[in-house]
Amino acid sequence: MTVHEVVNPATEEVVTEVELLDETATDAAIDRAVKAGESWRAVAPGDRARLLARFADAVEADLENLARLEVTNSGHTLGNARWEAGNVRDVLRYFSGAPERLFGRQIPVSGGLDVTFREPLGVVGIIVPWNFPMPIASWGFAPALAAGNTVVLKPAELTPLTALRLAELARSAGVPEDVFQVLPGRGSVVGQRFVTHPAVRKVVFTGSTTVGKQIMAGCADQVKRVTLELGGKSANIVFADSDLEKAAATAPYGVFDNAGQDCCARSRILVQRSVYDRFLELLEPAVQGVRVQDPSTEDSEMGPLISAAQRERVESYVDPDRVAFRGSCPSGSGFWYPPTVLLPADERDRAWREEVFGPVVSVLPFEDEADAVRMANDTEYGLSGSIWTRDVGRALRVSRAVDAGNLSVNSHSSVRFWTPFGGFKQSGLGRELGPDALDGFTEVKNVFVATEE
């Protein structure tokens with residue numbers, strides 16, 4: 001038996017040990033999911049809806065426990081963790097309405113009646129990252145279950161605890177055990193088996209672009225469906241006509257949330273040259289005001305990085321000669337790193353171009369609207385971004401011109417459970433959340449019934 005020690009990132013203390021599944025145990029779980037699928041897809045839509053609603057109620061009742069478990073396991077601030085548990089609840093409630101609304105169409109044809117049905121795929125394998133273990137898991141399993149699929153879910157090795165608890169809550173709500181299974185294990189074992197096992201008909205993966213490409217290539221061998229939410233290098237574009245004080249005050253929270261370990265982090269700030277110096281003057285106290293402290297406290301705004309290895313990776317991007325200013329962070333035990341603002345020499349700088357995945361942001365000036373769009377699009381990624389301007393026409397023009405799947409004007413919001421989420425270019429394939437999510441978990445079946453004698 002292989003076990004993994006779960007470590008609290010804020011203290012470096014071992015919290016517990018979790019048994020990691022091998023390939024044999026993974027195959028057995030997939031086989032159980034196949035068998036469970038025969039009865040799960042036959043559950044009446046209203047009954048499946050009620051089970052998902054009861055699952056949501058169970059999460060609601062356990063919300064504070066889930067939140068504190070995430071603080072301990074992932075180092076998330078308590079406020080963020082409560083939001084994340086609440087997001088799981090809300091996503092389940094949203095998709096509990098889906099089973100009774102999996103509408104097909106009646107298509108006019110000659111000689112008979114033509115109708116379409118939305119059929120479940122079968123077993124769906126979901127691979128969850130360590131940065132947002134709870135919500136990202138639910139973005140996959142909630143619509144998959146609602147559409148009549150069974151789910152095998154692999155949490156990240158570093159952060160398995162809330163996923164295991166969600167499986168317990170699902171069973172307490174009446175969801176059959178083999179319909180939703182959580183399988184802790186290594187990506188090279190459990191995750192890879194999702195890719196190669198012929199009974200797994202879809203893989204949902206959130207993580208690095210490098211691994212996403214490997215999964216996509218592996219799934220191609222069986223023409224297996226994939227949803228990929230991968231890396232990001234999002235731009236925060238600040239025009240001279242914007243509310244500069246608000247743009248500067250909110251910019252730290254657009255990148256330092258979850259210690260910058262967020263694919264949607266606005267880690268490139270583009271500021272129109274005429275207000276560039278003033279923006280930096282306003283940004284400095286905002287960065288230094290971010291409360292980086294024990295994540296279990298009520299007013300913490302940023303916690304530690306997930307591991308020592310991640311801290312070393314983040315540090316490798318920071319050229320001391322390019323540091324404009326920094327915030328503060330605790331010393332001693334814990335994988336802490338201060339909020340850091342860089343002024344790159346130009347757009348070729350490594351920290352400007354690559355996903356740092358930590359509390360590091362780079363700031364560069366732009367000349368005009370066309371230059372801002374060029375700089376924002378000069379990346380292999382296209383996940384999210386923000387546009388700050390008082391000009392509605394400019395906001396719409398730039399929104400249409402920037403190659404990203406999720407944009408906010410005068411805001412840093414990326415995720416709403418009732419709207420689609422996903423990326424352009426190498427940030428991924430497919431859409432999660434909102435009304436579009438069910439398309440990724442169903443097949444369209446066309447049936448023609450002849451009526452002419």
Side-chain angles (χ1 to χ4, degrees), residues 3-11 13-21 52 54-93 95 125-142 144-145 151-173 175 177 180-187 190-191 204-207 229 257-259 261-263 295-296 300 303-307 310 335 415 417 432-433:
V3 297
H4 176 76
E5 291 185 340
V6 177
V7 174
N8 183 332
T11 65
E13 296 175 351
V14 175
V15 177
T16 188
E17 293 183 342
V18 173
E19 182 179 353
L20 302 181
L21 275 64
L52 292 176
R54 286 171 56 184
F55 188 0
D57 291 342
V59 171
E60 168 73 19
D62 202 55
L63 193 146
E64 188 68 14
N65 175 56
L66 283 166
R68 293 192 178 275
L69 197 59
E70 201 67 275
V71 171
T72 300
N73 191 175
S74 304
H76 292 190
T77 64
L78 183 57
N80 278 10
R82 285 171 175 156
W83 179 90
E84 291 158 21
N87 183 255
V88 175
R89 172 203 60 210
D90 293 342
V91 169
L92 279 165
R93 284 182 178 163
F95 286 108
I126 301 174
I127 303 172
V128 179
W130 49 257
N131 61 327
F132 289 106
M134 276 194 288
I136 290 177
S138 71
W139 300 354
F141 71 66
L145 294 172
V151 169
V152 285
L153 184 148
K154 191 202 88 65
E157 293 152 61
L158 293 173
T159 56
L161 300 187
T162 49
L164 290 166
R165 179 59 181 156
L166 287 170
E168 293 173 353
L169 294 173
R171 290 195 294 275
S172 74
V175 176
E177 183 173 3
F180 175 45
Q181 301 177 67
V182 172
L183 314 181
R186 301 193 185 284
V190 178
V204 178
F205 172 78
T206 300
E229 196 272 278
D257 184 58
N258 199 29
Q261 299 168 130
D262 182 353
C263 294
S296 66
S300 176
L305 293 167
I306 189 65
S307 66
Q310 184 64 15
F335 308 122
V415 176
F417 60 82
E432 297 177 300
L433 300 175

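The shown structure was predicted, so the numbers you read here are calculated from the model rather than taken from an experiment. Values below: all heavy atoms of this structure, side chains included; hydrogens, waters and symmetry mates excluded.
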Any salt bridge between Asp57 and Arg93, counting N to O under 4.0 Å?
-> yes
Could you tell me whether the side chains of His76 and Glu84 share a donor-acceptor contact shorter than 3.5 Å?
-> yes
Separation of Asn87 CG from Asn80 CG (nearest 0.5 Å) = 11.5 Å
For the side chain of Lys154 and the backbone of Gly185, is there at least one donor-acceptor N/O pair under 3.5 Å apart?
-> yes
Flag the pair Phe141 / Phe95 as yes when their ring centroid distance falls below 6.0 Å, and as no otherwise.
-> no
Closest non-hydrogen atom pair, Ile306 against Ser74 | CD1-O, 3.9 Å
Determine yes or no for a side-chain-to-main-chain donor-acceptor pair under 3.5 angstrom, with Asn131 supplying the side chain and Gln261 the backbone.
-> yes
Distance col, row Leu158:CG vs Trp130:CH2, nearest 0.5 angstrom, shows 7.5 Å
Is it the case that Asn65 and Asp62 place a side-chain donor and acceptor less than 3.5 Å from each other?
-> yes
So how far is it from Glu64 CD to Arg82 CZ, rounded to the nearest 0.5 Å?
-> 4.0 Å
Distance (rounded to the nearest 0.5 Å) between Leu69 CG and Leu161 CG | 5.0 Å
Got a sec, which residues hit salt bridge (charged side-chain N to carboxylate O under 4.0 Å, His left out) with Arg186, two or more places apart in sequence or on another chain?
-> Glu157
Kindly say whether Ser296 contributes a backbone atom to a donor-acceptor pair with the side chain of Ser300 at under 3.5 angstrom?
-> no
Using the side-chain contact (heavy atoms from CB on, under 4.5 Å) rule, take Ile127 and Leu153 through it: C-alpha gap first, then chi angles, then the decisive distance, then the call.
-> CA-CA 6 Å; Ile127 303 172; Leu153 184 148; over 6 Å; no
So, does Arg54 use its side chain to make a donor-acceptor pair with the main chain of Ala173 at under 3.5 Å?
-> yes
Looking at side-chain heavy atoms only, is the closest gap between Pro304 and Pro295 below 4.5 Å?
-> yes
Considering non-hydrogen atoms only, spot the tightest contact between Ala144 and Val151 and give its length.
-> CB-CG2, 3.7 Å
Without swapping roles, check the side chain of Trp139 against the backbone of Pro135 for a donor-acceptor pair under 3.5 Å.
-> yes
Working to the nearest 0.5 Å, report the span between CD1 of Ile136 and CE of Met134.
-> 11.5 Å
Charged N to carboxylate O under 4.0 angstrom, Glu168 versus Arg171?
-> no
Residue pair Val3, Leu20: steps toward the side-chain contact (heavy atoms from CB on, under 4.5 Å) verdict | CA-CA 5 Å; Val3 297; Leu20 302 181; over 6 Å; no
Start with the C-alpha gap between Leu52 and Leu145, add the side-chain angles, then the distance that decides, and say whether side-chain contact (heavy atoms from CB on, under 4.5 Å) holds.
-> CA-CA 8 Å; Leu52 292 176; Leu145 294 172; 4.1 Å; yes
Pair listing, salt bridge (Lys or Arg N to Asp or Glu O under 4.0 Å) test, anchored in residues 70-80, at least two apart = none
Show your reasoning for whether side-chain contact (heavy atoms from CB on, under 4.5 Å) applies to Val6 and Asn73.
-> CA-CA 7 Å; Val6 177; Asn73 191 175; 3.2 Å; yes
Drop me the distance from Phe417's CZ to Leu433's CG, to the nearest 0.5 angstrom.
-> 9.5 Å
